[in-house]
Amino acid sequence: MKKELEKTYDPKQIEDKIYHNWTEKGYFHAEVNPNKKPFTIVMPPPNITGQLHMGHALDNTMQDILIRFKRMQGFEALWQAGTDHASIATEAKIVEKLKEEGTSKEELGREGFLKRAWEWKEEYGGRIISQLKKLGSSCDWERERFTMDEGCSEAVKEVFVKLYDKKLIYKGSRLVNWCPVCNTSISDAEVEHEEKAGHFWHIKYPVMEDGKPSKTNFLEFATTRPETMLGDTAVAVNPEDERYRYLKGKTVWLPIAEREIPVIEDSYVDMEFGTGVVKITPAHDPNDFEVGKRHNLPEINIMNDDATINENGGKYAGLDRYEARKKIVEELDSLGLLGKIEDHSHNVGTCYRCHSVVEPLIKEQWFVKMDEMIKPASEAVKKGELKLIPERMDKIYFNWTDNIRDWCISRQLWWGHRIPAWYCGDCGEVIVAKEEPKVCPKCGKAHLRQDEDTLDTWFSSALWPFSTLGWPNETPEYKYFYPTDVLVTGYDIIFFWVIRMVFSAFEHTGKAPFNTVMFHGLVRDSLGRKMSKSLGNGIDPLEIIDKYGADALRFTLITGNAPGNDMRFYNERVEASRNFANKVWNASRFIMMNLDAAEVPANIELSDLTPADKWILSRANKLSAEMTENMDAFELGIAVQKVYDFIWEEFCDWYIEMVKPRLYSDTDKTKAAALFTLKTVLINMLKLLHPFMPFVTEEIYQALRENEPNEAVKAAMEESIMISTWPKFKAEWDFAKEEAEVALIKEAVKSIRAVRTDMNVPPSRKAKVIVVADKEEVRKVFTEGEKFFASLSYAGEVAVQADKAGIDENAVSAVISQAVIYMPFSDLVDIDKEIERLLKEHKRLEGEIARSNGMLNNEKFVSKAPEAKINEEKEKLAKYTEMMKQVEEQLGRLKKN
C-alpha cells in the first residue's frame, strides 16, 4: 500500500507518532558492544522541579544533534539521561505546598516530610522528561537515572567517606553564603547577582589619641552595608600608602559598638579607591575573612540565621538588618560621624530560589579541601587533555581554578543526601561511615546521632558522568562508556558544575570525565534581554512546539548558533524555520509523485548522467564531507546553514527546476538518470538534515521506503532514518568539471534574470537568448545544457555561436565570465505599448517640471519660503529633469525600431 505525504505538512499529526515508534523499537538504547566504538554524552540533569525553558531546549537540541550524528556514523551512542533532586528548589516547593495545607515540615517531622517529598517527586519529577521527549530528545530512557536513586546514593557515600579518610573533607567554621529565608547555606552556583540601587555611606571612625576618641582626627571610608560595622574588628590601609603611615600601631574608636579596633596594614586595600581605608568585618565579608585570618583578627558574628541582629549588636539586637541599617545611619548622623551619602548601583548576591539577599556568615559546616584536588583539573586543560569550546573559556576556567576556596558542602535541609556522619552522645566521637554504626568505636556506647544536614546538590551531580554508569562498581557500562566524550552546557555554570565534575573525576577515577566541553550561550528575547520571570519575557518552548512543531524550534535554536555566543529569539525566525520544513516537504512530494509515475533504476552508470546530474551529486557529496568536518568540530551552526543553503537553493531552486523538462518528457532518454539523481540526493539530503529536524525527515524517509517498488532496494534501506548510515564522501562522485560547467550556466541565468528584473519583464514573456563565446568548450556547455538553460532563463529559443553575427545592435546584453549573453530588445518589450507608456510618463514629467520651475521663478515664494523648502524643490526639479532625459532617450531608441 502506497504511503502518500499529505498536501500540507502538519507536525501535530506526525511528531508524537514517530517518537512513540522510535522508543517502542528501542532505537535510543545503547549496549556494551565490543564491535563498535562508544560515544557518550551525559545530560546535564534538569531539576525535578523544572519546566522546559529555552535554555533547556537549546542545550538538549545540541546534545540530540550530536548523538544522532554519531549514531548514524556507526558509534554505539549513549545519551545518558537523568534528573537532579535539587535540594533547595524541591524542598521550597514542598514547604510551600504544606503551607497551603495549613501544616509545615516541622509538624510532619523528618520522616513524614521525606515521605511527602518522594510522593512529590513521583508525581511531578517526570514532567520535564516528558517535555524533553516533545523536543525529540533521543536519550536512552531505559538507563534514566536520578541523583538520589540507590546507585547514585551509593556513589555519594563512597566519595564522602573516601575524602574524609584522606582528610580532604573536614568540619569547621568558615564564611558561607547564607540564605535567611531558606535558612541554609548555599553554593556559589545558587547565588544570583542582581543589579540593585543602593548607597555609599561615608562614615568616620575617630582615631584614638591619649586613650580617647579624637574629636578632630578621623579615618573616613565608604560602605554599602553600615549595619556590619557592629562586627568590625579592624580598619585597614595599604602599607605603601604614605597618608596613613602615622597610624601604624594605632587604634580607632568604633562608634555605636563603643570599642577600640586596630588599624592594620594589608596590600588587599586599593589605595586608589575611595579614601584608601577599608573597614574589616571578618564574619560578614569573604575578602575581610581572608584579611582577618592573615592578621589573627577576631570574628564577630552580628546576625541571626533570619538576618536579624543578634546579641552582639547591643541595643540593635532583634532588629531586621535593614531596620538596623536605617537606625545606625541616623545615630551616626546625630554623632556627626556620617559624611556624604552617594547613590550607588551594585551587584548584590541573592538566593536563586527565593531571591532574598544572601548574607555572608561564619558557620560551622562541612567543607571539601580544594588546594590540592583542583590541580589535576587545571593541568588537564593546560595539557589539552580536556578541550573547552570556545577556547576563550580557558581564561574563565583558570580564573576559577586559580582562586578556588574550600567548598562548603553541607546544607540545612532535609531533602537530599544526608551527611553520613554520626556523633557519639557520650564521648563526642565523630564517626563517618557508609553505613550507620551500631555502637561508637571509641567508647562502645550506642548513644549515636546522625548529622542533621544534607549534602550540597552539586556534590552528587559532580559525580554524574561516572555514578550514572555504575561507579564505584566496575560495571561493564562504566568500563565501556567512561570517560564520556562531550559535555554540552551553558557558559553560565562553568564555575560550578563543570569544574566540580572535572576535579571529582580525576580524584575518584583518575581520568577526565569527558574530553570536550562545548559551551553554548543564553537564549535572549528579541531585545537581547535575558529571559526571566521578573521581566515577563520568557517564551515557553512547548507553546512554540504546539504552534510550529519541534523541528522548527530546533532548527531556529541552532541556526546562526556559535559556541559560547548568546542568541536572540524571534517568532519570525521560527516561522522561517517552519517554511523551510514546508519547502523540504513540498520538494519531497514533488519528487515522490514523479518517482511513482516512472520506473527508477536501483543503480545507474555514471556515463548515463547529464552534467546537471553530476553537478548536484558532486555538490551533495562535498556537502557531506564539509558537514562531517563541521560536526566533528562542534560547528553546528555552520553545518546547519550549509545544509539549509544546499536544500533551498541548489537542490530545490536549481536542480529540481533544471530537471523538470526531462521529467515532463516521455521521450527523454535521460529521464531515468534524472529520477535516480533526484531520489539519491533526496535521501542523502534527508540524512544530513535528520539530526537537526528529526521528525519531518523520518516521515519523508518512511514514505520513500514504503513506496520503494524494488524489494531488494527496500530491504537494503534501514528501517528508520535515525539508524541509517551518515553519508560519506565518495571519490567517484567528485565531478569538478561538471560543477564548473553548471556554475557557468547558473551565472548566465542569474545575469539574464537580473536584466529582465531591471526592465520589469514578466516571467511569462519569453525571449530569444543568444550565447556568444569564442571558446568551443564554453559553447559546448550551453549546447549540452540547452534544455534546462532555456527553461531557467525564460528563453523561447537558445542560440549558441562564436561571434555577434546576425545580432541586432539594439539587443540587450549581459556579460559573464566566459561569454556574452544577448536578447533582442523587441523580445523583451512590447514596443507599441512601451511607447504609449513612455509618452504618458513624458507628459506627467512635463507638468512636474513646469510646476517646479513656476515655484522657483516666483519671487514671493523664494523670498518667504524656508531655505529647506526651496532646496527640496530644487532637488525635485533636478530629479524630474534627469527622468525626462531618460524617457526621451528610451523613446528615441524605441521609435528607431
Side-chain angles (χ1 to χ4, degrees), residues 199-271 273-285 287-303 309-319 321-342 344 360-362:
H199 299 91
F200 261 138
W201 284 274
H202 290 252
I203 298 172
K204 303 171 186 175
Y205 283 2
V207 176
M208 295 297 291
E209 295 176 346
D210 300 323
K212 295 179 182 179
S214 172
K215 293 185 179 180
T216 57
N217 191 6
F218 303 95
L219 273 188
E220 184 174 327
F221 59 87
T223 180
T224 59
R225 302 161 69 209
E227 68 278 8
T228 60
M229 66 179 283
L230 297 170
D232 284 359
T233 55
V235 290
V237 296
N238 193 294
E240 304 298 321
D241 199 330
E242 296 288 345
R243 293 172 296 175
Y244 301 114
R245 279 284 168 87
Y246 77 96
L247 289 173
K248 187 173 183 179
K250 290 187 176 292
T251 60
V252 295
W253 182 250
L254 178 59
I256 299 176
E258 299 186 337
R259 51 188 166 84
E260 284 184 66
I261 56 174
V263 178
I264 62 170
E265 295 179 316
D266 197 286
S267 56
Y268 156 70
V269 181
D270 182 354
M271 291 187 292
F273 184 77
T275 60
V277 179
V278 177
K279 63 190 282 298
I280 303 297
T281 322
H284 295 281
D285 182 274
N287 293 314
D288 293 2
F289 179 80
E290 299 299 331
V291 172
K293 289 295 182 190
R294 289 196 290 273
H295 296 271
N296 296 312
L297 298 175
E299 297 160 352
I300 303 174
N301 176 21
I302 55 100
M303 210 167 285
I309 305 301
N310 65 19
E311 66 278 4
N312 291 328
K315 60 187 173 184
Y316 296 102
L319 291 179
R321 54 184 163 173
Y322 299 123
E323 183 62 25
R325 176 184 296 178
K326 180 181 175 184
K327 290 187 177 298
I328 286 171
V329 169
E330 289 173 356
E331 185 170 351
L332 287 169
D333 192 25
S334 69
L335 293 171
L337 298 176
L338 182 67
K340 62 182 177 179
I341 302 173
E342 297 176 288
H344 176 64
L361 293 183
I362 288 182

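Just so it is clear, the values below take in all heavy atoms, side chains as well, and ignore hydrogens, waters and symmetry mates. For the single chain, residues carry numbers from 1 onward in sequence order.
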Any non-hydrogen side-chain atom of [X] less than 4.5 Å from a side-chain atom of [Y]?
| X | Y | value |
| --- | --- | --- |
| F200 | T224 | yes |
| E265 | N238 | no |
| Y244 | V269 | no |
| T233 | H295 | no |
| F221 | I203 | yes |
| I261 | Y205 | yes |
| M229 | W201 | no |
| V235 | L247 | no |

Distance check, rounded to the nearest 0.5 Å: [X] atom [atom1] versus [Y] atom [atom2]?
| X | Y | atom1 | atom2 | result |
| --- | --- | --- | --- | --- |
| T228 | I300 | OG1 | CD1 | 12.0 Å |
| R321 | I302 | CZ | CD1 | 10.5 Å |
| E227 | L319 | CD | CG | 11.5 Å |
| D333 | L338 | CG | CG | 5.0 Å |

If you look at every heavy atom in [X] and [Y], which pair is closest and at what distance?
| X | Y | value |
| --- | --- | --- |
| S214 | P206 | O-CB, 3.4 Å |
| L297 | A234 | CD1-CB, 3.7 Å |
| E299 | P282 | CG-CB, 3.9 Å |
| R245 | E240 | NH2-CA, 4.2 Å |

Exercise for the section: Quick one: do K204 and L219 satisfy side chain to side chain contact (heavy atoms under 4.5 Å, CB included)? Show the steps, please. Expected result: CA-CA 6 Å; K204 303 171 186 175; L219 273 188; over 6 Å; no
Exercise for the section: Could you tell me whether a side-chain N or O of N301 sits under 3.5 Å from a main-chain N or O of M303, the two making a donor and an acceptor? Expected result: yes
Problem - Expected output: side-chain R225 to main-chain H284 donor-acceptor under 3.5 Å - result: yes
Problem - K327 bridged to E330 by N-O distance under 4.0 Å - result: no
Handout entry: Lys/Arg N to Asp/Glu carboxylate O, E209 vs K215, below 4.0 Å
Key =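 Salt bridge: no.
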Problem - Partner residues of D241 under the side chain to side chain donor-acceptor pair (under 3.5 Å) criterion, sequence neighbours left out - result: R243
Practice task
Would you check, one step at a time, whether the test side chain to side chain contact (heavy atoms under 4.5 Å, CB included) holds for H199 with R325?
Solution key: CA-CA 12 Å; H199 299 91; R325 176 184 296 178; over 6 Å; no
Exercise for the section: Kindly determine whether I309 and L230 satisfy side chain to side chain contact (heavy atoms under 4.5 Å, CB included), including the steps that lead there. Expected result: CA-CA 9 Å; I309 305 301; L230 297 170; 4.1 Å; yes
Practice task
Can you sort out the partners of K326 under salt bridge (Lys or Arg N to Asp or Glu O under 4.0 Å), two or more places apart, ordered by chain and number?
Solution key: none
Handout entry: Enclosure of F273 CZ (heavy-atom neighbours >12, cutoff 6.0 Å)
Key =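 Atom CZ in F273 is not packed in, count stays at 12 or less.
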Exercise for the section: Apply side chain to side chain contact (heavy atoms under 4.5 Å, CB included) to N287 and V278, showing your working. Expected result: CA-CA 11 Å; N287 293 314; V278 177; over 6 Å; no
Using residues 248-257 as the side-chain source, report each donor-acceptor pair under 3.5 Å to any protein atom, sequence neighbours left out, with the distance given to one decimal.
| from | atom 1 | to | atom 2 | distance (Å) |
| --- | --- | --- | --- | --- |
| T251 | OG1 | E260 | OE1 | 2.7 |

